[in-house]
Amino acid sequence: TGLHILPGVIDSQVHFREPGMEYKADLETEARSAALGGVVAVFEMPNTNPATTTPAALQDKLKRAAGRMDVDHAFYAGATHENVDLLPEMERMLGCCGVKVFMGASTGDLLIADDEGVEAVLGGRIPAKVDAHNNAVDGRVRPPQPRHLRERLRGRFRAARPVHTH
């Protein structure tokens, strides 16, 4: 018959730009594009306008997605210095796939660049999705990431996985 069955792709980092930047793309058109490319599930980033940093903002995204997305989907809660106390509630919401931490430049106030902020957000939370950009390397001015934090995160990663999977 010449037909093949291939597994669907799960894309764990998509930027669908809704709300706030629908002139670029929206949840419906991007989900449809994903489906046509063989993607069966997407996890959407919180750096929209407004950012997904409160339960109300996450609920708004879920409401916008209802009946419009042709693939399975979930949304990240964006971590900020101001919403650490809201993250546990957001993580428990149906439709939240986890917490996203931006350690380098991002949109709005989605930036956790100091040790105290990272520790407060991560707490006992594993896993979290972390963009650990070094803004100095990216062409922006920022002091290098503290060595002790880098080693601690690397240790957590190694402890969570058997050696043969590294």
Side-chain angles (χ1 to χ4, degrees), residues 8-135 137-140 142 145 149 152-153 156-157 160:
V9 173
I10 298 172
D11 192 338
S12 65
Q13 182 168 337
V14 299
H15 296 269
F16 284 178
R17 306 301 181 196
E18 184 178 345
M21 294 174 269
E22 291 88 347
Y23 64 92
K24 290 184 175 185
D26 65 31
L27 295 171
E28 185 173 2
T29 59
E30 294 296 88
R32 188 167 296 146
S33 296
L36 289 171
V39 175
V40 297
V42 295
F43 301 159
E44 208 263 343
M45 292 289 114
N47 51 339
T48 51
N49 187 14
T52 313
T53 57
T54 65
L58 179 56
Q59 191 60 46
D60 177 61
K61 274 194 176 179
L62 292 166
K63 185 177 177 181
R64 289 168 179 267
R68 294 179 57 217
M69 293 185 70
D70 296 327
V71 296
D72 289 335
H73 55 275
F75 300 97
Y76 284 102
T80 71
H81 286 281
E82 290 76 32
N83 77 341
V84 171
D85 58 329
L86 296 175
L87 295 175
E89 176 185 350
M90 293 177 74
E91 285 181 293
R92 288 189 301 272
M93 293 174 67
L94 289 177
C96 181
C97 54
V99 173
K100 176 65 181 228
V101 179
F102 292 92
M103 293 177 69
S106 183
T107 307
D109 64 352
L110 288 172
L111 176 63
I112 306 286
D114 58 9
D115 288 359
E116 296 79 20
V118 172
E119 290 290 334
V121 169
L122 292 181
R125 176 181 291 115
I126 295 177
K129 187 163 180 64
V130 178
D131 276 3
H133 294 277
N134 182 327
N135 288 340
V137 173
D138 290 345
R140 297 170 196 88
R142 178 181 171 264
Q145 183 182 6
L149 178 59
R152 183 167 179 205
L153 293 174
R156 284 185 178 182
F157 173 82

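What's counted below: heavy atoms across the whole structure, side chains too, no hydrogens, waters or symmetry copies.
Scanning both residues, Ala65 and Phe75, for their nearest heavy atoms gives CB-CZ, 3.9 Å. The two residues Ala51 and Ala57 have their closest heavy-atom pair at O-CB, 3.7 Å. Residues Val71 and Ala41 approach most closely at CB-N, 4.3 Å, considering heavy atoms. The nearest pair of heavy atoms linking Ser12 to Met45 is O-CE, 3.8 Å. Of all the heavy atoms in Ala77 and Met90, the pair that sits closest is CB-CE, 3.5 Å. When every heavy atom of Ala34 is checked against every heavy atom of Val42, the shortest pair comes out as CB-CG1, 4.3 Å.
The CD atom of Glu28 sits 6.0 Å away from the CG atom of Asp26 when rounded to the nearest 0.5 Å. Separation of atoms CD (Glu119) and CD1 (Ile112) is listed at 12.0 Å; rounding is to 0.5 Å. If you take CE on Met69 and CG on Leu62, they are separated by 10.0 Å, rounding to the nearest 0.5 Å. How far CD of Gln59 is from SG of Cys96: 11.5 Å, rounded to the nearest 0.5 Å. With rounding to the nearest 0.5 angstrom, the OG1 atom of Thr48 is 6.0 Å from the CE atom of Met21. Note that the OH atom of Tyr76 and the CG atom of Leu58 stand 13.0 Å from one another [nearest 0.5 Å].
We find that Glu18 and Arg68 are joined by a salt bridge, their nearest charged nitrogen and carboxylate oxygen being less than 4.0 Å apart. Salt bridge status for Glu22 with Arg64: present, with a side-chain N to carboxylate O gap under 4.0 Å.
Put simply, the residue from Thr54, Thr53, Leu110 that forms a side chain to side chain contact (heavy atoms under 4.5 Å, CB included) with Asn83 is Thr53.
You'll find the side chain of Phe102 stays beyond 4.5 Å of the side chain of Thr80, heavy atoms only. Side-chain contact between Pro19 and Asp60 is present, with at least one heavy-atom pair separated by less than 4.5 Å. For the pair Glu30 and Glu44, the minimum side-chain heavy-atom distance is 4.5 Å or more. Leu111 is not listed as a side-chain neighbour of His81, based on a closest heavy-atom distance of 4.5 Å or more. With contacts defined as side-chain heavy-atom distances shorter than 4.5 Å, the pair Lys129/Val99 does not qualify. Here the side chains of Thr29 and Phe16 are not in contact, with every heavy-atom distance at 4.5 Å or above.
No more than 12 heavy atoms of other residues, nucleotides or ligands lie within 6.0 Å of CG in Leu94, so this atom counts as exposed by the packing criterion.
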Could you go through His15 and Asn47, starting from their C-alpha distance and side-chain angles, then the distance that decides it, and tell me whether this counts as side-chain contact (heavy atoms from CB on, under 4.5 Å)?
CA-CA 8 Å; His15 296 269; Asn47 51 339; 3.3 Å; yes
Verdict with reasoning, Met103 to Val118, per side-chain contact (heavy atoms from CB on, under 4.5 Å):
CA-CA 8 Å; Met103 293 177 69; Val118 172; 3.9 Å; yes
